Amino acid sequence: MDMERVQAIAFSFMTEGRIPPEFIRSEKEQPAITTLHGYDPQIPTIDFSDPDEDSLTRLIAEASRDWGMFQIVNHGIPTHVINNLQKVGEDFFALPQEEKELYAKPPDSKSIEGYGTRLQKEEEGKRAWVDHLFHKIWPPSAINYQFWPKTPPSYRDANEAYAKCLRGVADKLLSRLSVGLGLGKKELRESVGGDELTYLLKINYYPPCPRPDLALGVVAHTDMSAITILVPNHVQGLQLFRDDHWFDVKYIPNALVIHIGDQLEILSNGKYKSVLHRTTVKKDMTRMSWPVFLEPPPELAIGPLPKLTSEDNPPKYKKKRYCDYVYCKLNKIPQ
């Protein structure tokens, strides 16, 4: 075990009304101080079933440019498929600790797959109030079933069903985002890896926290991926940074939350914006979320697309292999 799990810490501290000092954020980060309440910024919600492709493209491109985050409804993934995904994830985190540890990330692993707590280097030894499980769900050649829980028994079927449905959503999203940049329908997908594009699932488990005013589930960050497609549970927690303030992202039942990631910002030469976001926690409720990060193959070099640069609009980002980009980001090394 790389460190004590937050789920265990939450249980032992819940009756004390306090949290260990390594979880207390600075005043510039504490959600009670930094969250702006009473104002709904109206993050775009887009009907993904809109038959007017031009209108759908425009709405997605505008949201990606102006917000870097939006929610899609009527996306075509059956409710029971999402419910099953959530149920098996909840069942995994309800297992005894020793059973969850069977899927722990190996200490010498260069991959982030597996059950764990710490993900990236944090300043001043601070910790986030979250445990997680990472594993790839597509393509089949990338999957390592070592990190897929065998309990509950339906875990594999539920994840495979979700992955099958999600691919259609991802392909349609990338197609509309590509056309929104003035490119062909398939150009953006090919630029992030084509059929080698990896779908990395993360289950976030944020247990009840005695002092949610002081802690964060996940600190402020942008996603390294091309796109992130996220299923939340009903417990509010996702926040977006905009106009120098942190806002709650309204929970919409059966919606998928879409984050523009760093690789799409780079490829678009800044036209699409990678969204700065974070997660807060609750005192008496468990929050969970199921983001899937669409990631380029590790050796693929990502840089601004030549069609989107010119003398008047030169490249704003360096071209870099995705594996090198990830290493620098996780270790807080300037890109």
Side-chain angles (χ1 to χ4, degrees), residues 44 46 48-65 67-72 74-77 136-143 160 162-202 222-231 256-275 291-309 315-317 319-326:
I46 297 172
F48 209 52
S49 66
D50 187 344
D52 185 338
E53 286 195 354
D54 290 342
S55 174
L56 185 60
T57 297
R58 177 179 54 78
L59 291 171
I60 288 174
E62 286 177 355
S64 302
R65 182 187 67 228
W67 290 85
M69 179 188 288
F70 52 96
Q71 302 199 55
I72 59 172
N74 301 322
H75 43 69
I77 300 181
K136 295 171 184 173
I137 59 172
W138 192 263
S141 59
I143 292 174
E160 288 179 342
Y162 181 64
K164 182 178 180 181
C165 293
L166 192 64
R167 287 164 52 213
V169 172
D171 285 349
K172 185 175 176 179
L173 263 176
L174 286 168
S175 169
R176 296 301 95 209
L177 285 162
S178 192
V179 173
L181 291 170
L183 305 170
K185 287 183 179 181
K186 297 182 179 180
E187 281 189 71
L188 202 55
R189 184 177 182 274
E190 291 304 312
S191 298
V192 292
D195 291 341
E196 293 182 64
L197 184 66
T198 299
Y199 291 54
L200 176 67
L201 171 73
K202 181 187 184 191
T222 59
D223 291 345
M224 298 179 284
S225 57
I227 306 175
T228 303
I229 303 174
L230 180 142
V231 171
L256 298 174
V257 184
I258 311 300
H259 301 174
I260 298 299
D262 295 348
Q263 305 313 306
L264 238 58
E265 178 170 327
I266 293 167
L267 284 163
S268 70
N269 203 33
K271 184 171 182 180
Y272 293 153
K273 302 300 183 187
S274 187
V275 62
V292 172
F293 305 98
L294 304 190
E295 298 192 323
E299 300 297 322
L300 183 65
I302 300 286
L305 291 169
K307 287 184 179 180
L308 302 179
T309 62
K316 299 179 176 71
Y317 308 87
K319 191 170 187 176
K320 182 177 283 192
R321 291 187 309 167
Y322 184 62
C323 59
D324 296 332
Y325 186 92
V326 169

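Counting from 1, the numbers follow the sequence of the chain as shown. All values derive from a computational prediction rather than experimental measurement.
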Could you measure the distance from the CG atom of L183 to the CD atom of E190? Nearest 0.5 Å is fine. 12.5 Å
List for me each residue that meets salt bridge (Lys or Arg N to Asp or Glu O under 4.0 Å) alongside E196, sequence neighbours excluded, and say none if there are none. none
Under a 4.5 Å cut-off applied to non-hydrogen side-chain atoms, are Q71 and L256 in contact? no
Audit row: L174, L197, side-chain contact (heavy atoms from CB on, under 4.5 Å) steps and yes/no: CA-CA 11 Å; L174 286 168; L197 184 66; 3.9 Å; yes
For E187, check salt bridge (Lys or Arg N to Asp or Glu O under 4.0 Å) against everything at least two apart and list the hits. K307
Taking all non-hydrogen atoms of both residues into account, name the closest pair between K316 and P304 and its distance. N-CG, 4.3 Å
Validation row: Y322, P298 side chains within 4.5 angstrom (heavy atoms): no
If you take all heavy atoms of G180 and A61, which pair is closest and at what distance? CA-CB, 4.0 Å
Decide yes or no for Y162 and I77: does some side-chain heavy atom of the first lie under 4.5 Å from some side-chain heavy atom of the second? yes
Is there a side chain to side chain donor-acceptor pair (under 3.5 Å) between E265 and Y317? Walk through the geometry before answering. CA-CA 9 Å; E265 178 170 327; Y317 308 87; 2.7 Å; yes
Measuring only between side-chain heavy atoms, which start at C-beta, is L177 closer than 4.5 Å to I60? yes
With sequence neighbours left out, the residues meeting side-chain hydrogen bond (donor to acceptor under 3.5 Å, both in side chains) with Y199 are none
Rounded to the nearest 0.5 Å, the CZ atom of R65 sits from the NZ atom of K271 at a distance of 7.0 Å
side-chain contact (heavy atoms from CB on, under 4.5 Å) evaluation trace for M69 with V257: CA-CA 7 Å; M69 179 188 288; V257 184; 4.1 Å; yes
Nearest 0.5 Å, please: how far is OG in S191 from CG in L267? 5.5 Å
Does T198 reach the side chain of P297, with side-chain heavy atoms less than 4.5 Å apart? no
Sorted by chain and number, sequence neighbours left out, side-chain contact (heavy atoms from CB on, under 4.5 Å) with S225 holds for D223, T228, F293, E295
Would you check, one step at a time, whether the test side-chain contact (heavy atoms from CB on, under 4.5 Å) holds for N269 with L305? CA-CA 7 Å; N269 203 33; L305 291 169; over 6 Å; no
State which residues pass salt bridge (Lys or Arg N to Asp or Glu O under 4.0 Å) with E53; sequence neighbours excluded, sorted by chain then number. R176, K185
Atom CG of residue position D195 - does it have more than 12 heavy atoms of other residues, nucleotides or ligands inside 6.0 Å? no
So do the side chains of F70 and L59 get within less than 4.5 Å of each other, counting heavy atoms only? no
How many angstroms lie between atom CG of L188 and atom CD of Q263, to the nearest 0.5 angstrom? 11.5 Å
Atom pairs and distances, donor-acceptor, side-chain atoms in residues 164-173, under 3.5 Å, two or more places apart:
| from | atom 1 | to | atom 2 | distance (Å) |
| --- | --- | --- | --- | --- |
| D171 | OD1 | R189 | NE | 3.0 |
| K172 | NZ | F48 | O | 2.6 |

Check the pair S178, K186 against side-chain contact (heavy atoms from CB on, under 4.5 Å), reporting the backbone distance first and the verdict last. CA-CA 7 Å; S178 192; K186 297 182 179 180; over 6 Å; no
Can you check whether L181 reaches Y272 side chain to side chain, under 4.5 Å on heavy atoms? yes
If you measure from CD1 on I258 to NE2 on H75, what distance do you get to the nearest 0.5 Å? 8.5 Å
Could you state the interatomic distance from CD1 (I266) to CG (L308), rounded to the nearest 0.5 Å? 13.5 Å
Answer yes or no: is there a side-chain heavy-atom contact under 4.5 Å between V192 and L294? no
